[in-house]
Asks: 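Mind looking over this structure? Questions follow.
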Amino acid sequence: MTTLILGQTLAFDADPFAVPPTEAARHERRGAIAIDGGRIAAAGPVDALLAAYPQADRIDHNEALILPGFVDAHVHYPQTAIIASWGKRLIDWLETYTFPEEARFGDAEYAAEIANCYLDLALAHGTTSMCSFCTIHPESVDAFFTAAASRNMAIWAGKTCMDRNAPENLRDTPDSAYDASRALLERWHGRGRAAYVITPRFSPTSSPAQLEALGALWAEHPDCLMQTHLSEQTDEIAWVRSLFPEARDYLDTYEKHGLLGARGLYGHAIHLTERERDRLAEVGAAAIHCPTSNTFIGSGLFDMGLAARMRVGLATDTGGGSNFSMLRTMAAAYEVAQLRGTALHPAQLLWLATEGSARALQTEEVGRLAIGGAADLVVLDLASTPAIAQRAGQAEDIWESVFPTIMMGDDRAVAQTYVAGQAMLRRP
Ligand code: GUN
Ligand code: ZN
């Protein structure tokens, strides 16, 4: 049975960083998406789809804007309960807030409670897919994939590995990291909509032997993604230099151990040397921009100019990031780019939060309104508060109409979220 979802629609035919942004996008003032078996069967002007599917059920979202569901390319779901913790920079923040909270995830019941809480929050904010770090505990990985499977969500996640510079109860070893990661990968990778991601936290918390072991696992499973952190704060970089005196730079600590590649996701990537930029671009790796985290923890201003050279995803970095909302994250990306002298177009922001992140994750399954893709959608009310409504009321085109929601919107703007064609939110 086909269902037609009606509203304004916005689809991308090209990368708005490669062609003029407005030319990359296709807007239907009155559009529709046809959904069959959880997949997009057609997308286009409403009249054409009503004619093609006269018997279909209809859900009319009127003036609301239908987009691909947001794809959050870097989160730590176990940090849900410590989001918005005050007053620390990266290393202190990890030690004061993050590690004590992550230590709780050896308890499978607690892990399940937070996994479910996080995914409900993500869906309420219009995020249908994400790539998440878990904790060192296999229970945290099982809990997250189980919670996602119960919602039929496409997610990417992996066991966070650390064997040094972390509390005793949060350390594994090179061998146990390899063995547990491999067992989880074999259990979850490709099961339903789940994908396993090999996950060394970052060079300061992995010995060279552990990086080597995870590099070997990646070589054995080259279809998996690998995620980690890179050059987030200057004192972190100085620490890496002292821990790896023989490395040319931070990226080299990964490269030397088989952890640099086209399916690698490098979170933050702010303070890069010329060599690091060149090398990331050369191997076709993806950088993940986490703007609310980078301002909240005081890390620095990501260079969006990288998008001309390599794939860039957008992410909340929950809970170093200060918000679950990809709308708020787009607003922060806009502000950070302004501080570096560039005004990102709304088309570029929306693309980053959907197809840009999906491309970073090397998937065509989500992030696009494309025929055959999953019907994972977000429906945005472009007048969700009086402040937004009065500004959007003056708009002369879709970009002026959507930009106030990007800058001022939150979960109140999410009229509905669909996962594989199923409405996930109870809305009047
Ligand atoms: N670097 C290593 N671990 C983390 C983390 O959990 N959050 C952030 N923002 N940076 C990190
Ligand atoms: Zn992170």
Side-chain angles (χ1 to χ4, degrees), residues 72-105 114 118 130-137 140 144 156-167 170-172 177 197-206 210-211 214 225-240 243 250-251 253-254 259 264-271 286-302 313-324 329 332 336 357 360-361:
D72 191 341
H74 179 124
V75 311
H76 300 254
Y77 94 81
Q79 297 171 12
T80 296
I82 54 135
I83 195 167
S85 290
W86 183 84
K88 302 284 183 185
R89 293 174 65 82
L90 178 60
I91 306 304
D92 277 352
W93 174 84
L94 284 172
E95 286 171 357
T96 308
Y97 299 118
T98 308
F99 290 159
E101 177 63 14
E102 290 193 8
R104 302 177 68 183
F105 283 71
I114 299 296
Y118 166 78
M130 70 286 301
C131 185
S132 186
F133 288 65
C134 300
T135 67
I136 72 148
H137 313 94
S140 74
F144 196 52
W156 286 253
K159 169 191 139 65
T160 296
C161 299
M162 300 197 273
D163 69 344
R164 64 170 172 175
N165 295 318
L170 277 183
R171 288 204 298 261
D172 49 21
V197 185
I198 295 164
T199 308
R201 180 175 219 121
F202 66 158
S203 288
T205 51
S206 286
Q210 179 166 88
L211 295 175
L214 294 173
L225 297 172
M226 189 285 306
Q227 62 181 342
T228 189
H229 297 85
L230 176 67
S231 296
E232 182 176 359
Q233 290 207 340
T234 50
D235 37 5
E236 170 208 12
I237 297 167
W239 192 22
V240 170
L243 290 167
Y250 196 155
L251 185 65
T253 65
Y254 296 128
L259 292 170
L265 310 171
Y266 301 86
H268 304 277
I270 301 168
H271 309 282
I288 310 299
H289 181 21
C290 307
T292 72
S293 171
N294 296 344
T295 52
F296 182 73
I297 313 186
S299 302
L301 306 178
F302 180 84
L314 187 66
T316 61
D317 190 29
T318 296
S322 54
N323 210 287
F324 296 98
T329 304
V336 166
S357 281
L361 302 181

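We use all heavy atoms of the structure for the numbers below, so side chains are in, but hydrogens, waters and symmetry mates are not. As the structure lists them, so they are numbered: ligands from 1, and atoms in each ligand from 1.
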Asks: Can you label the angle between the His229 ring and the Phe133 ring as parallel, tilted or perpendicular, going by 30° and 60°?
Replies: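 Geometry flag for Phe133 against His229: tilted rings.
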Asks: Side chains of Thr199 and Cys134: does their closest heavy-atom pair fall under 4.5 Å?
Replies: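 No - every pair of side-chain heavy atoms lies 4.5 Å or more apart.
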Asks: Write down the atom of Thr329, the atom of Thr292, and the distance for their closest heavy-atom approach.
Replies: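 Between these two residues, the closest heavy atoms are CA-CG2, 4.0 Å.
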Asks: Would you say Cys290 has an N, O or S atom lying under 2.8 Å from the Zn ion (ligand 2)?
Replies: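 Here the distance criterion (N, O or S atom, under 2.8 Å) is not met by Cys290, so no.
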Asks: About how large, to 10 degrees, is the angle NE2 of His76, then the Zn ion (ligand 2), then NE2 of His229?
Replies: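 With the Zn ion (ligand 2) as the vertex, NE2 (His76) and NE2 (His229) sit 100° apart.
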Asks: With a 3.5 Å cut-off and no angle check, do the side chains of Tyr250 and Glu236 form a donor-acceptor pair?
Replies: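 There is such a pair (donor and acceptor under 3.5 Å, judged by atom type) between the side chains of Tyr250 and Glu236.
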Asks: Applying ring pair (Phe, Tyr, Trp, His ring centres under 6.0 Å) to Tyr254 and Phe202, what does each step give before you reach the verdict?
Replies: CA-CA 9 Å; Tyr254 296 128; Phe202 66 158; 8.9 Å; no
Asks: Nearest to the Zn ion (ligand 2), which N, O or S atom of Asp317 do we find?
Replies: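 This residue's closest N, O or S atom turns out to be OD1.
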Asks: Given the side-chain rings of His268 and His74, with only the six-membered ring counted for Trp, is the space between their centroids under 6.0 Å?
Replies: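 Yes, they do, as the ring centres are separated by less than 6.0 Å.
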Asks: Taking salt bridge (Lys or Arg N to Asp or Glu O under 4.0 Å) as the cut-off, I'd like each qualifying pair that reaches into residues 83-101, sequence neighbours left out, listed once.
Replies: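 Residue pairs with at least one partner in residues 83-101: Glu101-Arg104.
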Asks: I'd like the atom pairs linking ligand 1 to the protein - N or O on both sides, separation under 3.5 Å - with distances to 0.1 Å.
Replies:
from: ligand 1; atom 1: 3 (N); to: Arg201; atom 2: NE; distance (Å): 2.8
from: ligand 1; atom 1: 6 (O); to: Gln79; atom 2: NE2; distance (Å): 2.9
from: ligand 1; atom 1: 6 (O); to: Arg201; atom 2: NH2; distance (Å): 2.8
from: ligand 1; atom 1: 9 (N); to: Glu232; atom 2: OE2; distance (Å): 2.9
from: ligand 1; atom 1: 9 (N); to: Asp317; atom 2: OD2; distance (Å): 2.8
from: ligand 1; atom 1: 10 (N); to: Glu232; atom 2: OE1; distance (Å): 2.7
from: ligand 1; atom 1: 10 (N); to: Glu232; atom 2: OE2; distance (Å): 3.3

